[in-house]
Amino acid sequence: MVKKYVYLFNEGNASMRNLLGGKGANLAEMTNLGIPVPTGFTVTTEACNKYYEDGKIISDEVINQIHESLAKLEDTSGKKFGSDENPLLVSVRSGARASMPGMMDTILNLGLNDKVVETMAKLTNNPRFAYDSYRRFIQMFSDVVMDIEKRLFENKIDELKEKKGVEFDTDLTAEDLKVLVSEFKEIYKKEKGEDFPQDPKVQLIESVTAVFRSWDNPRAIVYRRLNDIPGEWGTAVNVQQMVFGNKGDTSGTGVVFSRNPATGEKLIYGEYLMNAQGEDVVAGIRTPLPISKLKEQDPKIYQQFEGIVNTLENHYRDMQDMEITIEEGKLYFLQTRNGKRTAQAALKIAVDLVEEGMLTKEEAILKVEPKQLDTLLHPAFYTEDLKKAEPIAKGLPASPGAACGKIAFTAEEAKDRAALDEDVVLVRLETSPEDIEGMIAAKGILTVRGGMTSHAAVVARGMGTCCVAGCGTIKVDEVKRTIEVGGKVYTDKDYISIDGTSGNVYGEKIKTVTPEISGHFATFMGWADEIRKLKVRTNADTPKDAQQAAEFGAEGVGLCRTEHMFFAEDRIMAVRQMITSKDEEQRRRALDKILPMQRADFIGIYEALEGKPVTIRLLDPPLHEFLPNNNEDIKSLAKEMGLSFEELKLTVENLHEFNPMMGHRGCRLAVSYPEIAEMQARAIIEAAIEVKTTKGFDVVPEIMIPLVGEIKELKYVKDVIKDTVESVMEEKNVKLDYKIGTMIEIPRAALTADKIAKEAEFFSFGTNDLTQMTFGFSRDDASKFLSDYYDKKIYEQDPFAKLDQTGVGELVKIAVEKGRATRPGIKLGICGEHGGDPSSVEFCHNIGLDYVSCSPFRVPLARLAAAQAQVKNKR
Ligand code: ADP
Ligand code: MG
Ligand code: MG
């Protein structure tokens with residue numbers, strides 16, 4: 001049997017998404033639903049993968065199947081490739097399994113050549129249209145297939161418009177466009193050293209190959225990494241008969257949503273442009289009209305359009321994002337997909353669809369991307385400060401939120417300055433797919449041109465970054481690197497603030513605040529909590545963070561790092577004394593000073609959590625991190641401690657380690673200096689007793705011993721803690737429950753978890769260190785070389801951000817199994833960065849952990865990811 005690499009639209013359906021890509025599967029589904037879709041066929045994702053397997057060569061097998069399908073397309077359409085009577089023109093469109101807007105390329109009007117263009121001109125009696133289509137084709141083919149700079153062509157159009165004294169490309173005549181075509185062909189010849197290809201079949205195969213190739217262009221790779229899309233999925237290619245929106249005033253093209261993608265309001269929403277083709281609407285060449293205008297302009301078409309929109313929404317049971325084209329009064333649908341939306345809109349739509357009876361709560365839970373919730377938890381402007389501020393300009397509210405930062409003029413610059421911890425707002429005439437990394441790095445994006453469906457708007461909404469688009473009153477001088485508004489000039493040193501909800505732009509710094517969970521958000525999160533089995537805790541070191549996390553729904557603290565408390569200015573001196581002490585007695589004196597401070601911290605955290613469980617980790621980092629590192633500081637510490645400068649400097653130097661990550665840290669400190677663990681255990685228990693007696697909260701402190709690799713070291717430290725705890729309870733004459741457990745973060749601990757569990761009452765997987773030790777990558781240095789690994793496709797993801805399920809995950813699984821075998825009820829959680837990554841949360845759910853713990857702002861995200869994991873994999 002020969003493998004089928006090409007499917008006609010009427011041979012596919014929506015369930016074949018993996019094979020046909022999202023666009024192809026939906027074109028097939030729409031065809032089957034009887035919606036007017038231009039005919040065509042899809043070259044599968046398997047053909048793309050084969051292309052890569054074969055060493056970036058498109059095989060004869062695939063080429064033959066494309067030619068066969070093309071022949072069928074010619075039959076059904078009654079048109080023929082290259083014909084001088086009735087020529088067939090097609091588009092070649094990419095379409096991966098997951099939609100990747102703007103990441104890969106499309107070619108329109110393929111099939112045109114010097115002869116066919118004449119035929120088209122005669123057939124349609126519209127030479128302007130024919131030459132407009134041809135110049136577009138040459139432009140797109142050159143850019144996408146031949147990698148000739150777009151700018152070369154755009155400059156020619158601008159020159160011509162200027163020469164003719166016209167503003168829009170629609171003002172150019174057939175003769176103008178004819179000139180443009182020959183100029184474009186000259187550019188092609190100059191750049192490529194050969195003539196523009198005249199054989200449509202050559203054009204077609206070259207274009208299909210180019211789409212395959214575009215799967216691996218740098219911006220697609222970045223996008224995939226950001227969105228967790230595996231490289232092995234590949235892209236499909238759709239070849240589809242052209243319909244023309246650029247045939248004159250009864251033709252047009254539009255982009256529409258079945259509901260408002262910014263607010264979720266149940267109202268058809270979108271933009272269209274008459275006498276235009278393809279991307280014209282989103283490219284910001286002319287300002288498009290709101291789709292409601294079409295109702296006035298052509299009520300009959302609008303009615304048909306509205307009917308199809310409703311059909312599609314009911315069919316897919318989700319908000320749809322659609323492309324339409326009208327050719328001389330006849331309506332076509334060119335694409336539908338579940339639309340990208342802002343977080344606010346996603347929540348409103350999910351709740352509305354349940355209330356409309358279209359979805360169950362379980363289904364609705366899957367309709368919001370956990371990562372999106374981020375935007376809702378991110379800052380809005382501080383109302384008082386906002387009231388005082390005067391907007392200097394207003395653009396379109398393209399992606400909600402608030403952002404404040406200094407102006408960056410290029411994506412490159414935004415990326416570089418953000419890497420140095422600077423807050424920047426990226427200000428551009430318009431953005432293009434090459435800008436993706438700068439857009440990710442910027443706090444907000446402001447563009448001068450483009451509408452609500454422009455590149456900047458769509459991408460910003462997808463990323464949840466605040467964006468104001470189409471702010472035409474701002475003059476950007478990209479060369480001088482300034483913007484000018486209302487007579488005032490701003491440079492890269494100046495702050496601006498943008499409000500993606502109102503579209504307002506401010507020429508000053510405005511303070512931002514964090515919002516709370518209410519309205520649709522609260523309803524939706526309530527459903528997530530009803531559904532999920534996995535608990536969500538937070539990593540919090542201060543009462544303020546713990547409080548914030550509790551407001552976001554944290555059910556306890558999974559990791560409280562005590563060392564962060566040591567750095568405060570009023571404590572560091574005592575800490576340094578402790579570290580540099582020459583004997584136990586000196587050390588104990590220093591520890592006595594720290595004890596009341598630690599106790600006060602724990603009281604604050606227990607109170608913020610109102611009796612929910614709190615896991616406190618004993619001191620973890622290597623001691624020299626706390627030491628003075630310049631002579632001035634050493635001098636003043638020496639004075640304080642009654643030591644000579646030389647003496648102390650020597651101590652400091654002796655504490656230096658070659659590989660501190662694997663040095664004297666974690667429980668090793670408690671093995672050398674048990675009095676540190678004693679002090680911490682005392683503070684933990686005294687605080688719990690205090691909160692119990694004064695506030696009535698029954699805290700069950702979970703004391704966590706870090707970096708254990710051997711049962712005997714755990715037992716040693718545990719005994720120290722236990723003795724202290726028992727004597728504190730005796731002193732105070734109060735009994736309370738507590739647990740002593742460990743972090744599993746050294747491979748040896750995972751492999752001997754059956755033994756470790758004899759002493760440990762709980763395990764918390766410290767997947768940051770566990771990843772570091774399993775890969776042998778330093779957390780602090782890996783980013784320097786990981787990019788080479790991404791480029792060479794050895795790794796696709798940062799294992800510190802997304803849990804490596806194959807290796808590190810295997811160790812976690814082993815530890816879970818062995819731990820439970822020894823101690824069936826052992827409490828299991830994860831407290832690494834991964835606790836806030838959706839796919840890692842799903843993994844934790846699947847292997848049966850009790851909870852994940854993540855930073856406060858990721859708590860809602862983890863709650864949702866846990867609910868989704870439950871819906872997808874019931875446990
Ligand atoms: P993207 O995924 O970037 O949106 P598309 O493949 O959807 O790329 O195509 C880009 C533009 O070209 C869209 O506006 C689309 O509607 C238009 N287009 C694609 N194929 C055709 C066609 N056969 N006839 C008319 N317009 C088309
Ligand atoms: Mg599209
Ligand atoms: Mg650790």
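The chain is numbered in sequence order, starting from 1. Read the numbers this way: they start at 1 and go in the same order the structure lists the ligands and their atoms.
If you check which protein heavy atom lies closest to atom 17 (C) of ligand 1, you get G278 CA, 3.8 Å. Protein heavy atom closest to atom 26 (N) of ligand 1, with residue, atom name and distance, is L334 CD1, 3.4 Å. For atom 3 (O) of ligand 1, the nearest protein heavy atom (residue, atom name, distance) is E279 OE2, 3.9 Å. In terms of protein heavy-atom proximity, atom 20 (N) of ligand 1 is closest to S91 OG, 2.8 Å. For atom 25 (C) of ligand 1, the closest heavy atom belonging to the protein is V243 O, 3.0 Å.
At a cut-off of 2.8 Å, Q335 coordinates the Mg ion (ligand 2) through an N, O or S atom.
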R213/D216 under salt bridge (charged side-chain N to carboxylate O under 4.0 Å, His left out): CA gap, chis, key distance, verdict: CA-CA 6 Å; R213 209 162 50 224; D216 254 358; over 6 Å; no
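A salt bridge is defined here as a Lys NZ or Arg NE, NH1 or NH2 lying under 4.0 Å from an Asp or Glu carboxylate O, and E327 with K247 meets this definition. Under a 4.0 Å N-O distance rule, the pair K185/D114 qualifies as a salt bridge.
Relative to the ring axis of Y52, K50 does not place its NZ or CZ within 45° and under 6.0 Å from the centre.
Numbered from 1 in the order shown, with element, the atoms of ligand 1 that lie under 4.0 Å from a heavy atom of L108 read 12 (O), 18 (N), 19 (C), 20 (N), 21 (C), 27 (C). Each of the following atoms of ligand 1 lies closer than 4.0 Å to a heavy atom of K23: 1 (P), 2 (O), 5 (P), 6 (O), 7 (O), 8 (O). Using a 4.0 Å cut-off to heavy atoms of Q241, the atoms of ligand 1 that qualify are 22 (C), 23 (N).
Relative ring orientation between F141 and Y188 is described as tilted, the plane-to-plane angle lying within the 30° to 60° band.
Looking only at distances, a side-chain donor or acceptor of N217 sits under 3.5 Å from a matching main-chain atom of S214.
Checking T336 against N26 by side-chain atom types alone, no donor-acceptor pair falls below 3.5 Å. Looking only at atom types and distance, the side chain of D132 has a donor-acceptor partner in the side chain of N246 under 3.5 Å away.
With D318 as the fixed residue, the salt bridge (charged side-chain N to carboxylate O under 4.0 Å, His left out) test singles out one of R337, R259, R341: R341.
Ranked by closest heavy atom to atom 16 (O) of ligand 1, the top entry among E327, Q277, R93, E323 is E323.
Ligand 1 is never approached by M100 to a heavy-atom distance shorter than 4.0 Å.
Neither the backbone nor the side chain of V90 has a heavy atom within less than 4.0 Å of ligand 1.
Between the Mg ion (ligand 2) and the N, O or S atoms of E323, the shortest distance is to OE2.
An N or O contact shorter than 3.5 Å links T106 to ligand 1 by distance.
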